[in-house]
There are 2 protein chains.
Amino acid sequence: MPASPDLLFRALADPTRRTLFERLCLDGEQTVGGLTSGAGISQPAVSKHLAVLKQAGLVLDRHEGRQTHYRAQQRALAPLVDWTGRMAPFWEARFDDLEDLLKRMDQ
Amino acid sequence: MPASPDLLFRALADPTRRTLFERLCLDGEQTVGGLTSGAGISQPAVSKHLAVLKQAGLVLDRHEGRQTHYRAQQRALAPLVDWTGRMAPFWEARFDDLEDLLKRMDQ
DNA sequence: CACATCCATAACTCAATGGTTATGAGAATT
DNA sequence: AATTCTCATAACCATTGAGTTATGGATGTG
């Protein structure tokens, strides 16, 4: 059950939140503490942002002892790609086999 | 000069504004009056939303007599597509020749 | 057991924003 | 010239939301 474009756009609209997601995408899994350092905001603020991203399906969390590890779920961007394809028809052809791609990724 | 992903995400985060953009994408050019009918909000609200979309480069306006016609500028979505490609590397290949595509569209 | 650490939630504050009504500028109509 | 129509802007209001500090639960550590 993919998240709605609305949830995705809202989750990614905030620059701080987008930066967190980018860090998870580019640098891989991180703990809350790791993400807080360098974020320029307090740990509770980071936790709240992560909750929003999780709600949108953009991140997954994994509890290990007293720390929580978050990682990006890039597949959650699919509705965004799809929406873009619908709005800009000249790009649509490129996404034709998106379904296939996602299916192949499931293994 | 393409708009920043930040401007785009913020502009598209609001559902009403996204609906306006979708109407322009799918049904083509519209006047403010046309867009207001069926939007469920007042004309000034529509005008403000259009101003935000215009600021983000997502729409263009054309004055004709006393009415203003707006149309979607789908190319403005390019930074979004690009950003998605950077965050989800397994999609990147599809956007490799985005530059070429946009160049070809310029004629 | 006592204590420290990691994280999430609660309670609050303040700024941003999406909506409204009122108004005015500019263009068509009579 | 007076009026009507279309749209944008101003002024205002209510809500949302991103940040803060305080706190507590759960898990390690001495």
Side-chain angles (χ1 to χ4, degrees), chain A residues 3-24 27-73 76 80, chain B residues 3-24 27-73:
Chain A
S4 67
D6 187 66
L7 260 179
L8 291 177
F9 274 116
R10 280 225 313 273
L12 295 171
D14 181 76
T16 303
R17 203 153 48 222
R18 209 166 48 248
T19 298
L20 287 173
F21 180 68
E22 289 172 359
R23 283 182 63 181
L24 290 175
D27 307 341
E29 190 175 86
Q30 308 267 341
T31 68
V32 174
L35 288 168
T36 299
S37 74
I41 53 177
S42 66
Q43 171 267 312
V46 171
S47 279
K48 284 206 292 184
H49 280 307
L50 290 170
V52 174
L53 290 171
K54 180 180 171 185
Q55 174 72 18
L58 287 165
V59 300
L60 300 175
D61 57 348
R62 176 174 67 84
H63 297 276
E64 182 178 317
R66 55 184 165 185
Q67 33 199 6
T68 310
H69 298 259
Y70 283 86
R71 66 179 182 283
Q73 174 75 306
L80 262 195
Chain B
S4 69
D6 188 66
L7 260 180
L8 292 177
F9 274 116
R10 279 226 313 273
L12 294 172
D14 181 76
T16 303
R17 204 152 46 220
R18 207 167 48 248
T19 299
L20 286 173
F21 180 68
E22 289 172 359
R23 283 181 64 181
L24 290 175
D27 307 342
E29 189 174 86
Q30 308 266 341
T31 68
V32 175
L35 289 168
T36 299
S37 75
I41 53 177
S42 66
Q43 171 266 312
V46 171
S47 279
K48 284 205 291 185
H49 281 307
L50 290 170
V52 173
L53 289 171
K54 180 180 171 183
Q55 173 72 18
L58 287 165
V59 300
L60 300 175
D61 58 349
R62 175 174 68 84
H63 298 276
E64 182 179 317
R66 54 185 167 187
Q67 34 199 7
T68 311
H69 298 259
Y70 283 86
R71 66 180 183 281
Q73 175 74 307

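This one's a predicted model, so the numbers in the text were calculated from it and none came from an experiment. Order of the sequence lines fixes the chain letters, A, B, ..., with proteins taken first and strands second; residue numbering starts at 1 for each chain.
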Whole-Å gap separating C1' (C:dC7) and CG (A:L53)
16 Å
I need the CG-P distance between B:D6 and D:dA18, as an integer number of Å.
12 Å
Any side-chain N or O of A:T68 below 4.0 angstrom from OP1/OP2 of C:dA8?
yes
Distance in angstrom units between B:L50 CG and D:dA8 P, rounded:
7 Å
Measure the distance from NE2 on B:H69 to P on D:dA8 and round it to the nearest whole Å.
11 Å
Return the value, rounded to whole Å, for the distance between atom CG of B:L35 and atom P of D:dA8.
10 Å
If the cut-off is 4.0 Å, is B:Y70 near the phosphate of D:dT6, judged by side-chain N/O to OP1 or OP2?
no
Expressed in angstrom and rounded to an integer, what is the separation of A:R62 atom CZ from C:dA8 atom P?
13 Å
Are A:D14 and A:V52 side-chain neighbours, meaning at least one heavy-atom pair lies under 4.5 Å?
no
Summary of protein contacts for nucleotides 19-30 of chain D, nucleotide by nucleotide, where a base hit scores B, a sugar-phosphate-only hit scores S (4.0 Å, heavy atoms):
BBBB----BS--
Taking atom P of C:dC6 as reference, at what distance in whole Å does atom CG of A:D61 sit?
18 Å
note: A:L20, atom CG; C:dC7, atom P; distance rounded to Å ~ 13 Å
Closest contact, heavy atoms only, A:L58 versus A:F21
O-CE1, 3.3 Å
Is any side-chain heavy atom of A:R71 closer than 4.5 Å to one of A:L60?
yes
A:R17 (side chain) donor-acceptor with A:H49 (main chain) under 3.5 angstrom
no
Under 6.0 Å from the CD atom of B:E29, do we count more than 12 heavy atoms belonging to anything else shown?
yes
Quick one: does B:Q30's side chain get under 4.5 Å of B:L20's, heavy atoms only?
no
